[in-house]
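The next block holds one structure in the form of structure tokens; read it before the comments.
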Protein chains: 2
Amino acid sequence: MTKQRLEIEKSNQQKPKPESDQIPFGSVFTDHMFVMDYDSAKGWYDPRIVPYEPLTLDPAAMIFHYGQTVFEGLKAYRGEGDRILLFRPEQNFARLNRSSERLSIPPINEEEVMDHLRELISLEKDWVPETKGTSLYIRPFIIATEPNLAVAPSKTYKLMIILSPVGSYFTGGLRPVTINVEDQFTRAVKGGTGMAKTAGNYSAAYQAQAKASQEGGAEVLWLDGVEKRFIEEVGSMNIFFKINGEVITPELSGSILKGITRMSIIELLQDWGIPVTERKISIDELYQAYEEGIVEEVFGTGTAAVISPVGEFNWLGKKMVINNHQIGDLSQKLYDTITGIQRGEVTDSYEWTVEVI
Amino acid sequence: MTKQRLEIEKSNQQKPKPESDQIPFGSVFTDHMFVMDYDSAKGWYDPRIVPYEPLTLDPAAMIFHYGQTVFEGLKAYRGEGDRILLFRPEQNFARLNRSSERLSIPPINEEEVMDHLRELISLEKDWVPETKGTSLYIRPFIIATEPNLAVAPSKTYKLMIILSPVGSYFTGGLRPVTINVEDQFTRAVKGGTGMAKTAGNYSAAYQAQAKASQEGGAEVLWLDGVEKRFIEEVGSMNIFFKINGEVITPELSGSILKGITRMSIIELLQDWGIPVTERKISIDELYQAYEEGIVEEVFGTGTAAVISPVGEFNWLGKKMVINNHQIGDLSQKLYDTITGIQRGEVTDSYEWTVEVI
């Protein structure tokens with residue numbers, strides 16, 4: 001297949017950009033977006049950059065009825081000398097295609113879309129904020145667009161990439177949070193869609209999140225859907241435990257998202273000679289280790305926060321205070337290393353960063 | 001709250017209506033639709049009937065990213081004397097609100113929306129087809145519209161009702177189908193969203209459906225997500241077994257949709273003095289009963305098909321042929337009774353039908 005020509009239609013107005021220290025998460029968008037269409041006869045076609053504008057869809061478009069959709073989230077960082085860097089973007093596009101397979105959505109050409117994303121970011125480079133901790137959030141997503149109420153895969157799709165400048169996840173540095181262990185609601189189960197980044201997984205979590213908030217928690221700790229015993233994720237992040245010198249993260253069971261930050265942390269720890277294991281870990285095992293006093297650090301990992309230290313768990317009325325509500329040394333080191341690599345301030349011996357400009 | 005005035009904007013064109021015997025499912029829509037908006041300050045507001053037209057949404061609208069959406073499906077039937085009848089519509093709106101609760105969507109006023117639906121159907125009455133087996137399919141749905149990538153419930157929503165004339169589900173009468181017992185994929189699990197009518201549940205099934213088709217099955221038989229042993233649903237229908245004179249349907253476990261046809265069948269069977277039980281039934285129990293020769297009839301139930309007889313199960317290479325691929329007497333009687341009540345041809349002693357006109 002020959003590479004398709006990218007059409008660019010420039011916006012004739014430039015929106016005001018927010019101040020670096022006052023950027024709300026996910027509600028300010030740049031002047032342009034990337035769009036590409038699919039139909040079963042033509043495949044993916046008509047890649048284009050157009051002004052950011054509303055989308056027009058038939059009310060019967062399948063996205064509204066049967067949820068056939070996948071998405072990704074990654075960030076562009078402004079480094080020294082105004083270089084703009086992405087962090088392992090090829091992993092995001094590979095995962096987008098894995099998610100699409102689960103949702104019966106046709107795959108994209110990862111390299112081509114990556115090239116189109118570079119063009120889009122180049123055009124929007126002034127939107128990448130400068131202050132440490134800020135970035136340009138990149139949201140590729142695919143939606144089923146065929147207007148048809150039959151319960152079957154759509155024959156047409158739309159891929160879009162929108163960009164949103166985002167502020168620091170933690171204003172005032174890393175802040176350990178309290179986590180509610182959820183015993184009633186289930187995020188995902190083996191054989192379901194938990195390992196795919198698809199819309200339905202996220203709203204399914206809102207009730208548990210509301211319950212956690214009411215009970216004073218910042219996030220939900222999800223247990224497996226089968227035995228309600230094994231730890232899966234925290235909020236929409238992967239989770240790591242440092243217990244007695246060893247780092248443990250739940251193995252990819254089919255219901256856990258394969259996080260790119262997760263993957264990077266495992267590689268870093270291996271490189272640093274710190275024991276790291278992907279295996280099942282139950283909430284009982286965690287509690288027992290807690291009672292033995294050997295739980296040293298716990299943190300969530302994801303694109304938004306990078307590292308989110310856990311200060312406390314609430315589990316059926318029982319409290320586990322982790323590292324006296326302080327950030328652990330390893331959590332801090334991982335955060336500094338990854339954010340440093342992302343911004344080009346720490347030598348990237350892994351070739352994780354991709355320079356856009 | 002005072003009832004809100006319904007605004008009606010009539011379409012200045014009338015689309016051609018399909019012939020009764022040539023109606024595709026779910027791809028022809030009527031001339032008008034119902035729309036109502038929600039925001040957290042005003043509640044649900046601005047109920048209106050407008051021409052059927054494309055929807056304009058921000059690309060960051062939450063429906064596209066986090067799947068916060070619910071829907072319903074019901075039908076309007078044309079009875080004798082051109083009466084137009086609905087079947088237990090209040091149950092659909094009650095279920096819509098139950099689904100909304102699970103998805104953290106604000107409830108609607110069921111009676112008011114029911115009144116608006118009557119107005120819509122009255123306006124579109126010529127779209128209700130006449131031939132036996134045909135009907136006007138009604139699709140109410142709610143989508144999250146706030147343009148925001150934060151993972152949290154939307155502050156704004158849109159409720160829409162679109163209408164689509166649909167043909168007979170079975171051309172040429174009830175036809176028993178072959179069903180593939182799914183041992184790998186999971187539709188839903190306790191604590192998840194299986195009991196809600198929400199988009200993500202449906203596309204999550206496409207891969208299993210494709211697998212069933214490849215193996216010669218028409219639909220998927222879903223087992224529970226925990227033990228992969230207990231029978232839950234068939235395709236997107238509830239399921240009933242007549243075994244040794246007793247009718248059994250899986251109990252509502254939290255992952256099974258509470259079907260309105262299911263409910264009606266249980267009430268009919270109780271009224272007819274036929275033993276009917278809602279309980280767990282495992283695939284092993286079914287197979288054992290099959291080997292004993294006491295499985296008399298099996299059928300799926302739902303709004304689309306009403307009754308869909310099962311002629312055969314494929315389970316890990318083992319075949320179970322049900323009632324020699326013939327429609328059972330009870331299946332036929334239930335089908336005739338329910339479709340008769342729906343069309344006003346059988347006395348409705350249950351007050352299930354609601355006359356629109």
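Treat the numbers as computed from the prediction; the structure is a model and nothing was measured. Below, chain A is the first sequence line, B the second, and so on; all start at residue 1.
- In this structure, K211(A) places its NZ atom where more than 12 heavy-atom neighbours from other residues, nucleotides or ligands lie under 6.0 Å away.
- Looking at every heavy atom in both residues, P54(B) comes nearest to P59(A) through CA-CD, 4.2 Å.
- For residues 157-164 of chain B, heavy-atom neighbours of chain A at less than 4.5 Å comprise M160(B), I162(B), sorted by residue number.
- The shortest distance between side-chain heavy atoms of N148(B) and S27(A) falls below 4.5 Å.
- At a threshold of 4.5 Å between non-hydrogen side-chain atoms, the residues Y66(B) and T69(A) do not count as touching.
- The candidate from L57(B), T198(B), T56(B), D58(B) with the greatest count of non-hydrogen atom pairs under 4.5 Å with chain A is L57(B).
- Closest of all the heavy-atom pairs between A60(B) and F29(A) is CB-CZ, 3.2 Å.
- Between K190(B) and F185(A), every side-chain heavy-atom pair lies at or beyond the 4.5 Å cut-off.
- Of the atoms belonging to L103(A), heavy atoms from both backbone and side chain fall under 4.5 Å from chain B.
- Chosen from P24(A), G26(A), S104(A), the residue pairing most often with chain B at heavy-atom distances under 4.5 Å is G26(A).
- With respect to chain A, the highest number of heavy-atom pairs below 4.5 Å among G191(B), A208(B), A210(B), P147(B) belongs to G191(B).
- Only the backbone of A152(A) comes within contact range of chain B, with at least one heavy atom under 4.5 Å from a heavy atom of that chain.
- Residue R187(A): no heavy atom, backbone or side chain, is found under 4.5 Å from chain B.
- Listed for the S203(A) side chain is a donor-acceptor partner under 3.5 Å among the backbone atoms of G67(B).
- Interface remark: F64(A) contributes backbone and side-chain atoms alike to the contact with chain B (heavy atom separation under 4.5 Å).
- Only the side chain of M33(A) comes within contact range of chain B, judged by heavy atoms closer than 4.5 Å.
- Of the possible polar contacts, one joining the Q207(B) side chain to the E101(A) backbone as a donor-acceptor pair under 3.5 Å is found.
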inquiry  = Determine whether L149(A) and R139(B) satisfy the following criterion, side chain to side chain contact (heavy atoms under 4.5 Å, CB included), listing intermediate values before the conclusion.
reply    = CA-CA 9 Å; L149(A) 299 183; R139(B) 169 58 58 92; 3.7 Å; yes
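- A heavy-atom distance below 4.5 Å is found between the side chains of H65(A) and F141(B).
- The residue among Y137(B), Y52(B), F71(B), Y202(B) with the most heavy atom pairs within less than 4.5 Å of chain A is Y52(B).
- Of the atoms belonging to Q68(B), heavy atoms from both backbone and side chain fall under 4.5 Å from chain A.
- Along residues 223-232 of chain A, the residues that come nearer than 4.5 angstrom to chain B, judged on non-hydrogen atoms, are G225(A), V226(A) in order of number.
- The residue among A150(A), S236(A), A196(A) with the most heavy atom pairs within less than 4.5 Å of chain B is A150(A).
- Using a 4.5 Å heavy-atom cutoff, the side chains of V151(B) and F25(A) are not in contact.
- Among I63(A), I105(A), T193(A), the residue with the largest count of heavy-atom pairs under 4.5 Å with chain B is I63(A).
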